[in-house]
Number of protein chains: 2
Amino acid sequence: MSLMPNVLEVVRRYIRESAKPGETLIDATMGNGNDTLFLAQLTGETGRVIAYDVQAQAVEKTRQRLEEEGMLDRVELRLESHVEMGQLAGPVAAVMFNLGYLPGGDEALSTQAETTVQAIEAGLTLLRPGGMMTIVIYVGHQAGVVEKEAVEAYCEQLDLGQYFVLKYQYLNQKNQAPFVLVIEKR
Amino acid sequence: MSLMPNVLEVVRRYIRESAKPGETLIDATMGNGNDTLFLAQLTGETGRVIAYDVQAQAVEKTRQRLEEEGMLDRVELRLESHVEMGQLAGPVAAVMFNLGYLPGGDEALSTQAETTVQAIEAGLTLLRPGGMMTIVIYVGHQAGVVEKEAVEAYCEQLDLGQYFVLKYQYLNQKNQAPFVLVIEKR
């Protein structure tokens with residue numbers, strides 16, 4: 001197992017180490033359903049995954065993938081903004097964000113700084129102690145730079161008594177390479 | 001085992017995962033000998049540790065600690081600058097840097113940007129494939145900020161085909177908190 005995995009694998013390792021089968025897990029950015037499927041496998045038959053996206057295309061694609069894998073029954077796919085996470089009751093073991101826009105989709109429909117930070121704030125209140133939030137951040141598109149600044153500024157001021165905030169970044173990459181924030185609720 | 005260990009433990013985990021007993025390991029900044037002792041334990045009776053420091057006080061303290069632990073025979077303590085690493089022949093499995101000044105010592109005798117970068121460059125050429133260099137960076141003293149800029153700039157331009165460069169940093173800390181660079185030779 002490589003000591004320097006790509007960032008998508010990095011966040012999965014943190015989630016795997018923390019979440020236990022049967023727990024409630026959240027995919028804040030459904031996209032093509034990669035993380036939704038990962039979380040559904042992880043929580044198993046007795047668990048629950050709640051996944052958000054504002055694009056019907058994303059929800060439909062994810063629904064198909066989960067149906068093919070026979071895991072649709074443990075997943076709630078919500079066609080709404082991830083800020084609606086604020087309506088949920090905890091505890092949840094994990095919240096995954098993969099920011100930016102839908103691969104192959106419309107760049108103008110990327111996640112946006114203000115709502116992303118709201119959703120992060122909502123997600124953190126749901127986490128159980130030891131629970132993990134992971135955020136993959138892309139700065140290769142215009143809204144991404146603004147979003148990165150807002151998300152980092154928000155995370156930097158989180159109370160160390162309540163959260164660990166790790167920034168994990170490969171330095172010698174091209175400028176567009178994503179990096180990762182991992183937040184552990186203490 | 002915590003998923004968010006302090007940075008001194010973070011670098012040890014990378015070194016432990018990579019170095020095998022019997023290999024040659026380098027402590028580029030002896031200081032109080034903490035890392036020298038760690039490396040001596042790791043490489044075992046058949047291995048070798050080479051440790052550098054420009055301060056006689058550091059070398060003497062480290063010598064005492066290793067003698068108490070019965071591990072002095074596998075260690076070479078060198079009272080000279082870590083840029084002298086350039087004189088060694090590889091391969092080595094690990095090189096550890098813990099930048100800044102000797103705890104309890106003279107802040108004016110801290111490591112300096114130019115020689116630190118030279119030593120990093122020398123150390124990287126010694127690493128075997130899969131070998132690890134770890135660098136703990138402190139910005140709480142004046143020379144530390146300059147050194148941080150120089151070290152990051154050097155590491156950012158390393159060829160991705162030859163090295164992975166990871167920056168691992170806790171964001172919601174006080175300003176003086178150290179962070180870590182981990183470089184893996186591919």
Quick one: of A:Phe164, A:Tyr163, A:Tyr168, who has the most non-hydrogen atom pairs under 4.5 Å with chain B? A:Tyr168

Over 12 non-hydrogen atoms of neighbours within 6.0 angstrom of CD in B:Glu114: no

Sidechain-backbone polar pair: B:Glu152 side chain, B:Glu149 backbone, donor-acceptor under 3.5 Å: no

So, the part of B:Val180 with a heavy atom under 4.5 Å from chain A: the answer is neither

Top contributor to chain B contacts, counting heavy-atom pairs under 4.5 Å, from A:Leu166, A:Leu181, A:Ile183: A:Leu166

Hey, does the side chain of B:Thr134 reach the backbone of B:Arg12 with a donor-acceptor pair shorter than 3.5 angstrom? no

Per-residue tally against chain B (heavy atom, under 4.5 Å) across A:Glu184, A:Arg186, A:Gln157 peaks at A:Glu184

Where B:Ala28 and B:Val95 come nearest, the two heavy atoms and their spacing: CB-CG1, 4.3 Å

